[in-house]
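Below is one structure; the comments refer to it alone.
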Amino acid sequence: MTQPLATPPPASQPTPQPHPAGGSVQVRCAGCRMILTVGPGITEFVCPSCKMPQMPPPELMKKAMAPPLLNNNNMLHKMTSQSQPQMPAYGIDPSKMQLPCAYCKAILNVPHGLARFQCPQCFVDLAVDLSKIKQLFPPHATPPLPLPPPSRTVLPLPPLPRLVLPPPPLEEVNEVAIEVEREEDEGGTAGETFTDYRPPKLSIGPPHPDPIVEMSSLSAVQPPELTYDLKIKDDLESTKALSCLQIETLVYACQRHMQHLPNGARAGFFIGDGAGMGKGRTIAGLIWENWRHARRKALWISVGSDLKFDARRDLDDVGAAHIEVHALNKLPYSKLDSKSVGVREGVVFLTYSSLIASSEKGRSRLQQLVQWCGSGFDGLLIFDECHKAKNLIPEAGSQPTRTGEAVLDIQARLPGARVIYCSATGASEPRNMGYMVRLGLWGDGTCFDVFQKFLGVLEKGGVGALELVAMDMKARGMYVCRTLSYKGAEFEIVEAPLEPEMMDMYKKAAEFWAELRVELLSASTFLTNDKPNSSQLWRVYWSSHQRFFRHMCMSAKVPAAVRIAKQALTEEKCVVIGLQSTGEARTEEAVSKYGSELDDFISGPRELLLKFVEENYPLPEKPEQQGEEGVKELQRKRHSATPGVSSKGRVRKAARWKPESDDDFDEGFGTDSGGESNGSDDEFQICEICNSEEGRKKLLQCSCCGQLVHPSCLVPPVTDVVSEDWSCHSCKEKTEEFLQQQHAYLVELTKRYETALERKSKILEIIRSLDLPNNPLDDIIDQLGGPDKISEMTGRRGMLVRATSGKGVTYQPRNSKDVSMEMVNMHEKQLFMDGKKLVAIISETGLAGVSLQADRRAKNQKRRVHLTLELPWSADRAIQQFGRTHRSNQASAPMYRLLFTNLGGERRFASIVAKRLESLGALTQGDRRAGPSLSAYNYDSAYGKKALTVMYRGIMEQDTLPVVPPGCSSEKPETVQDFIMKAKAALVSVGIVRDSVLGNGKDYGKLSGRIIDSDMHDVGRFLNRILGLPPDIQNRLFDLFVSILDLLVQNARIEGNLDSGIVDMKANIIELQGTPKTVHIDQMSGASTVLFTFTLDRGITWESASTMLEEKQKDGLSSLNDGFYESKREWLGRRHFILAFESSASGMFMIVRPAVGESVREMPLAELKNKYRKLLSLDKARSGWEDEYEVSSKQCMHGPNCRLGNFCTVGRRRQEVNVLGGLILPVWGTIEKALSKQARQSQKRLRVVRLETTTETKGFVGLLVPNAAVESVLMILAWVQDIDD
């Protein structure tokens, strides 16, 4: 098979001439990387696959024009066989720098501004040394490159008569063009993310009581046409029980339930409406509609059994009071439709806990429900708050939850069921969609045969891919997602810096934990082998360490929370404070230990520390002292251990100096282990001392060594009767010596034990003397006026209350005589809604079913100020918490205040929530910018992991740090070295650096150690552990981590690899060109995939630019540096012109260009003055501006001779944009394949864009298809369509 032939660019080149085959060379395309055969003398060519114009490296041009060498095939073969085979050199991409790899010498196409990268040929990590770039391209010296082996047939191509010089050196590069190209790759600024929502294809029903919005990206997608006719339509129109939005959901759900998936199961529907939208009433409407179709059985699965009363209320509200609701937890495990139970129809209401429950006899609720439904069941199966079934497909190493498996199981057993997935949060990550099998996004008839493939594509595609899934689901009529308008609601991240007293407290606590770790390491060395291994101790240590400092962080925010709350109360607002943990366990332990009357509130951190040390301090085993009985036992053991000696017989016989009757003697005599006879009175034995023979009865036998002696032979002789355990002199000496040694050992053990006990007591004393904060919940209640003024809705049973005298606190139950413990939260809620209490504190346990918004029906309609003192661990819970105060029918929208301390490590908790919120918004809301912007705190990402590895390698001196650490100077290397030493010591103290050794000799004072592989990229562990460092080094370490992360993200932007989700394409004029082309139609839903072509004019006229500057000056907001500027340097004989004016951020300037309008990136004043000079002459500014505006309509910023020709859009004012809209998921693989062949890295990844036409103001959202890829995409899609047909 021959290699593809590289074709020279048409039109611009003269007629080619034939040339012998021997002069061709092989080049790897700079775009698609295909190996091409380039004819001799050709200096420019276009790749036949990806259509990218390029040229061979200069050294290959020389070799191609050296016929003697290339014609000698023997010499060529000899050369290549002696060296290792080399990959063909890459073609030159004129839009990039060409630099040689320091290792393999391959010429690489390097994007301008890229500082660090990996060689694609030898995979060595490289860094660009800007100081030496000029030396890389001397006039007549190019780095040599090995010639590629002729592994393919070489065909001749005609030569070109002229040579093209190598790309210009760095000083000729158009820096402004590079800036504009980066901005175009990053995309436009985020536009308005919400659009007012009205049902597009439904005209019945009253409007919703509150303004409703939809994400802009979702609003650009039209749902299918309505074909289903509701049976309850007339009833709904007369009662007005449901709004038009809720009726729309009913119609689309019922319409979707008429369809079946390719595997035969009935298709399901996903209600993703936000909190407070009335999803319960919508479900009640669905039950009623199905009841009218004689489907009289329904299963309603939710999170709490109390919500059964809400279900009953919702059914009554829609007019279905006759439909019974049966609480499964009140029913036996026998058949539900039996005579004894009598549940023949209606709604069975159960919780996810009930779904996995079973009786003592082994009968499960799941089996009971499936039996009740029957084999042909086609009624409703409702998964309310379905995020409870998440983690069916968990992260590697963990197990799926039983709930997730049960949800999957019941769907498999009831294939005809009409499934409804209902949740405000849906799935916080794509892997949590694993149980939504009835959506038909994967499986038979899709391009993803299993969920894992679907998941892999989504995770690879990033946020843009998640956004497309939400749009796809809406286009196919299986998903609705509206939310209450957030207009009026305020989101603010409030940083609560540590007060000096708290800073000191935190520092001492961090030092104490570091000392405690050393103490535990020391104490662990005295543990004996039969003690449990130390891994358990350290697991408990680090979990306690994390909880302790989490408590400290929360306590640090109490002053700020109290201050904001008091200010809100003075402004006639009311306050809701959200937290996760109440500290009840620590309080109850302290009350049981110290009694119910205490001097002051309990300190959660102190009690946690005390409990950890008391239960886990490693004590050596307490030694047991041996008494007289112990000595006898020792002698018996010594005797029994003597070979050939029986513990019976000899001991007993030797003990009888005056023998008694034969009967007694025989009774006590046994058989020797040595095989001797059982003996008799006449038996003779030899004395070990005098060697004379004597009757056995007259000899003494040692109970230890077993030797026989005459009593008279002993010195001194034995004349008295001896005891049974008599032993000879030598044995006595040995026993006494052993006992002395044992005694000394026991004394040492006792000393160690008592010392350890004393050290443990001292540690406990130190903990008791530490100044540590009180339990935050009790502290806030106390500071805001006590329980009489605070409505507490948490899961705790009791609380500490300050005595009326002000001295001491008392533990008392939260409920009163009139209110049961089960109803105490509802009672407190009512007091808050009636305005009798103006501050509410809610925890996760008290969240279910609680509405605390400024309800128009409630007495308390004051605006809510919602403080999050402690963010939840998952975004699901965060959204639920935010939804308590933002619901339908409210008089005013809430003000959200998210409190963080200035401790770097505490941002771990925000990092988790930010990560989940980002993907949550993308998946269930369609646009990740819908919620509060917490992305600034999202560090646990792929870039975060890479940044951590880079930082660790720098601190361990395995590599150079890519940035100067905070508080250091590059001009003073000793400051960097000092920081590295402190950072290393800090990482040792929190257990990240292990096996640490202090160096000697030339390395004196240097710390060395290792960081295990799993820790190298564990951002969670890093952020958790640094919590336990003093604030100074903690923040410096965190700032270093963030600086490296910013650098990596910036590099990813330059390379075009950064996933920025939906990008807004802005222009003064956006017009739809021609008729959109339908390129694919989904057979099941009828939804189509459409190719739209737009023309964009991004330019700003001189008149518009002048008006912008004048308005700024009129408003009095202009600065001295505002005005028109020209570039200090020329490119191709031209200068670039800009308008700059100061932005809201001090020292930063907004940039407006004639060709592309307003810049995404703001420019610092120093950079502005370095690159541009201010124009005092408006005539000169006008002339230059108008000239650049005119020229940019026809060509890009690289000028008329740009190597990419018409394909280049950098800085081009008028451009053509192709967007693939509508249904994307079925043709996902096809598009990905086409984009993978693109030349530019930024064009290889899927990019979701949003445009709005300027004439009809109609929005479009879809996948950006690079102009060079349109033809191949259409060809492949046509082929896919043929196969489908």
Side-chain angles (χ1 to χ4, degrees), residues 261-263 270 387 389-401 404-405 407-408 421 426-473 476 478-479 875 915-916 918-924 926 928 938 940-946 1017-1019 1052 1056-1062 1080 1082 1089 1220 1223-1238 1241-1248 1262-1264 1273 1276-1277 1280:
L261 302 178
N263 64 4
F270 185 6
H387 52 268
K390 66 182 184 180
N391 293 338
L392 174 68
I393 312 291
E395 297 279 358
S398 54
Q399 295 297 314
T401 59
E405 289 176 329
V407 166
L408 206 58
Y421 305 109
S428 55
E429 288 185 347
R431 70 172 56 249
N432 287 340
M433 291 183 76
Y435 59 90
M436 296 186 181
V437 288
R438 296 292 186 87
L439 295 181
L441 298 174
W442 61 89
D444 297 343
T446 69
C447 55
F448 313 107
D449 51 356
V450 291
F451 176 70
Q452 278 74 8
K453 282 191 179 177
F454 173 77
L455 179 64
V457 166
L458 287 201
E459 290 183 339
K460 184 182 171 188
V463 180
L466 306 185
E467 289 161 336
L468 282 177
V469 171
M471 292 158 56
D472 242 51
M473 291 196 294
R476 289 202 251 180
M478 65 172 86
Y479 179 60
K915 179 184 176 186
R916 298 284 171 85
E918 196 164 53
S919 56
L920 171 74
L923 190 58
T924 61
R928 70 196 181 93
N938 184 8
D940 201 357
S941 59
Y943 293 109
K945 289 172 182 174
K946 192 174 178 185
H1017 50 74
D1018 194 335
V1019 180
N1057 294 330
L1058 192 71
D1059 172 28
S1060 51
I1062 288 184
H1080 182 84
D1082 181 54
T1089 309
L1220 209 56
L1223 207 59
I1224 304 294
L1225 216 54
V1227 293
W1228 188 285
T1230 306
I1231 299 160
E1232 205 171 27
K1233 185 178 176 183
L1235 293 184
S1236 67
K1237 296 178 181 177
Q1238 293 312 294
Q1241 190 66 33
S1242 62
Q1243 293 177 345
K1244 287 185 180 183
R1245 61 184 172 85
L1246 296 165
R1247 296 180 72 199
V1248 186
L1263 213 56
L1264 181 68
V1273 167
I1276 301 173
L1277 282 177
V1280 170

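What you are looking at is a predicted structure, and each value in this text was computed from that prediction instead of being measured. Hydrogens, waters and symmetry mates are skipped; everything else that's a heavy atom, side chains included, is used.
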Closer than 3.5 angstrom, by distance alone: can the side chain of Tyr421 be matched with the main-chain N or O of Arg438 as a donor-acceptor pair?
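Such a contact is found between Tyr421 side chain and Arg438 backbone.
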Hey, is the main chain of Ile1224 close enough, under 3.5 Å, to the side chain of Thr1089 for a donor-acceptor pair?
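No; judged by distance alone, with no hydrogens or angles, the pair does not exist.
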Quick one: [atom1] on [X] to [atom2] on [Y], what's the gap to the nearest 0.5 Å?
| X | Y | atom1 | atom2 | answer |
| --- | --- | --- | --- | --- |
| Thr446 | Lys453 | OG1 | NZ | 9.5 Å |
| Gln452 | Leu455 | CD | CG | 7.0 Å |
| Leu1223 | Arg476 | CG | CZ | 5.0 Å |
| Met473 | Met436 | CE | CE | 7.0 Å |

Plane angle bin for Phe448 and Phe454 - parallel if under 30°, tilted between 30 and 60°, otherwise perpendicular:
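Phe454 and Phe448: perpendicular rings.
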Where is the tightest heavy-atom contact between Met478 and Leu439, given as atom of each residue plus distance?
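Looking at all heavy atoms of both residues, the shortest contact is CE-O, 3.2 Å.
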Of the non-hydrogen atoms in Gly434 and Leu408, which two are nearest, and what is the gap between them?
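Closest heavy-atom pair between Gly434 and Leu408: O-CD1, 4.1 Å.
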Report the C-alpha distance between Trp442 and Val437 in whole Å, list the side-chain angles of each, state the deciding distance to 0.1 Å, and finish with yes or no for side chain to side chain contact (heavy atoms under 4.5 Å, CB included).
CA-CA 8 Å; Trp442 61 89; Val437 288; 4.3 Å; yes
